[in-house]
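See below for the structure under consideration.
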Amino acid sequence: MSLQLHGIHHVTAVSANIKKNYQFYTQIMGLRLVKRSVNQDDVSAYHLFYSGDARGIPGNDLTFFDWDIPKEQRGSNSITRIGLRVPTLEALKFWRNWLVEHRITSNTIQEIDNRPTLLFNDIEGQRFALIVDESESNQHVAWEKSPIPAAYQIRGQGPIWLSVQHMRYLDAILSQVLHMRQVRQYTQKENLQTFVYEMGPGGPAAELHVQEEPHLPPSQLGAGAVHHVAFRTPNEEEYQQWIEKIRSLRIPNSGPVDRFWFRSLYFREPNGILFEIATDDPGFAIDENPETLGEKVVLPPFLEPKRAEILANLKPID
């Protein structure tokens, strides 16, 4: 059996107002802040990790870099929408009413790829899709302090939507390098075809939905944009195999990167979208009590000697 990725590990996006971001994702979206840290390559900026699961396990994390930059200029060669899973149609109806109550603009519930779906944007224009997925509802560990009732809480990452100018280039990476499977197509707006790729076990937590839009200009990164998507590999052994594979194909890459809570490998597919392969281990509880995750700024060991200087430059978010 070929080397396989196991699903979406996390998605990282950009916020230009990190205090309002923190308020929105904890108070409106009901997510738990499971890791309060900094961008390890730019320590002047927060890196906040939110999770729909109280444990903050891989497959649930939505993370944000805190960069004071203009809004994204939308276009192709980008990640265009983040999917999040809810357990039932009743939960999706709750979310529709909840967002209206909190003056968050959303569409009506519709069928996309034969799944009940609710499209909406966050306060900075970040695009989301809430979808119904009943398959893993019994594995969710609810966050008891969430304003969202446990039965309706977000269950983790869903499909990730991408737009590219050159489908064949991306297909070569997804199919031949990352061993994803193109399993179906569906038509959405203006007869635009969407190609669905799945990895590992498949299902909405392990899917990419790709649209080819050569007529659009390339996007430009900004607030409200997605920075990268990370895919799950379970352990150090398989992580090393991915490094060897990417290197053997001479794909430009970051080389091994130790993020302390997981290990990473970064590279761009030919259209320019940034991918990451990240390990499930060791996880966020390696340096914090699971009961108090995210309550204070935590730094990887190599940044601890600069703690006072780093904290002095961070904005308060509570």
Side-chain angles (χ1 to χ4, degrees), residues 10-54 56 60-74 78-84 86 94-107 118-130 143-149 152-154 156-158 160-161 219-229 284 292-299 310-318:
H10 67 268
V11 180
T12 295
V14 179
S15 172
N17 192 328
I18 202 65
K19 184 171 184 176
K20 287 187 176 180
N21 176 279
Y22 170 69
Q23 293 169 345
F24 179 83
Y25 285 97
T26 56
Q27 298 174 22
I28 305 299
M29 298 304 295
L31 303 178
R32 183 183 185 187
L33 180 62
V34 292
K35 190 64 62 176
R36 186 186 307 226
S37 193
V38 296
N39 184 320
Q40 295 180 16
D41 303 309
D42 174 14
V43 297
S44 68
Y46 278 109
H47 190 181
L48 302 185
F49 295 74
Y50 304 102
S51 176
D53 186 283
N60 290 270
D61 299 328
L62 178 60
T63 92
F64 285 88
F65 294 149
D66 163 31
W67 286 336
D68 186 12
I69 56 177
K71 288 183 67 67
E72 171 196 24
Q73 293 187 30
R74 290 182 175 173
S78 63
I79 296 168
T80 57
R81 192 172 295 275
I82 302 168
L84 300 172
V86 296
F94 166 87
W95 277 101
R96 167 65 177 155
N97 293 332
W98 176 263
L99 293 174
V100 169
E101 179 183 338
H102 289 84
R103 300 181 180 179
I104 305 300
T105 301
S106 67
N107 291 14
L118 179 64
L119 304 180
F120 73 97
N121 293 359
D122 81 353
I123 53 175
E124 294 183 276
Q126 190 70 242
R127 291 167 283 183
F128 286 95
L130 289 175
W143 180 38
E144 61 182 15
K145 296 181 182 179
S146 174
I148 307 299
Y152 304 146
Q153 287 181 20
I154 290 168
Q157 297 294 349
I160 305 300
W161 277 262
S219 66
Q220 293 187 28
L221 186 69
V226 176
H227 185 270
H228 68 269
V229 59
F284 290 140
T292 58
L293 288 173
E295 294 183 6
K296 63 178 182 179
V297 174
V298 177
L299 303 175
I310 289 171
L311 266 59
N313 289 321
L314 295 177
K315 316 175 191 77
I317 60 172
D318 294 300

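Atoms considered below: every heavy atom in the structure, side chains included; atoms not considered: hydrogens, waters and symmetry mates. Note that the coordinates shown come from a computational prediction; the quantities given were computed from them, not determined experimentally.
- Rounding to the nearest 0.5 Å places CD1 of Ile154 at 12.0 Å from CH2 of Trp143.
- Of the possible polar contacts, one joining the Lys35 side chain to the Phe284 backbone as a donor-acceptor pair under 3.5 Å is found.
- Between the side chain of Trp98 and the backbone N or O of Ile28, at least one donor-acceptor pair lies under 3.5 Å.
- Annotation: Lys71, atom NZ; neighbour count of heavy atoms from other residues, nucleotides and ligands within 6.0 Å is above 12.
- Using cut-offs of 30° and 60° for the angle between ring planes, the Phe120 and Phe128 rings count as parallel.
- When atom types are taken as modelled, the side chain of Gln153 and the backbone of Gly30 share no donor-acceptor pair closer than 3.5 angstrom.
- Results of the side chain to side chain contact (heavy atoms under 4.5 Å, CB included) test with Leu48 over Val34, Val38, Leu33 single out Leu33 as the only residue that passes.
- Remark: side-chain polar atoms of Gln126 are paired, donor with acceptor, to backbone N or O of Gly224 under 3.5 angstrom.
- Counting only distance, with no hydrogens or angles, the side chain of Ser37 and the backbone of Val298 share a donor-acceptor pair below 3.5 Å.
- The aromatic rings of His227 and Phe65 lie perpendicular to each other, with more than 60° between the two planes, well past the 30° mark.
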Test side-chain contact (heavy atoms from CB on, under 4.5 Å) applied to Arg96 and Asn107, step by step: CA-CA 8 Å; Arg96 167 65 177 155; Asn107 291 14; over 6 Å; no
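- Here Tyr22 and Tyr46 keep their ring centres 6.0 angstrom or further from each other.
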Ser15 vs Glu124, side chain to side chain donor-acceptor pair (under 3.5 Å): CA-CA, chis, key distance, verdict: CA-CA 7 Å; Ser15 172; Glu124 294 183 276; 2.7 Å; yes
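- Using modelled atom types, one side-chain atom of Arg36 and one backbone atom of Gly294 make a donor-acceptor pair closer than 3.5 Å.
- More than 12 heavy atoms of other shown residues, nucleotides or ligands fall within 6.0 angstrom of atom CD in Glu101.
- Judged by distance alone, the side chains of Asp42 and Ser44 do bring a donor and an acceptor atom under 3.5 Å apart.
- In this structure, the side chain of Arg127 engages the main chain of Thr80 through a donor-acceptor pair within 3.5 Å.
- The heavy-atom pair separating Leu221 from Val14 by the smallest distance is CD1-CG2, 4.1 Å.
- Salt bridge absent: Asp68 and Lys315 never bring a charged side-chain N and a carboxylate O closer than 4.0 Å.
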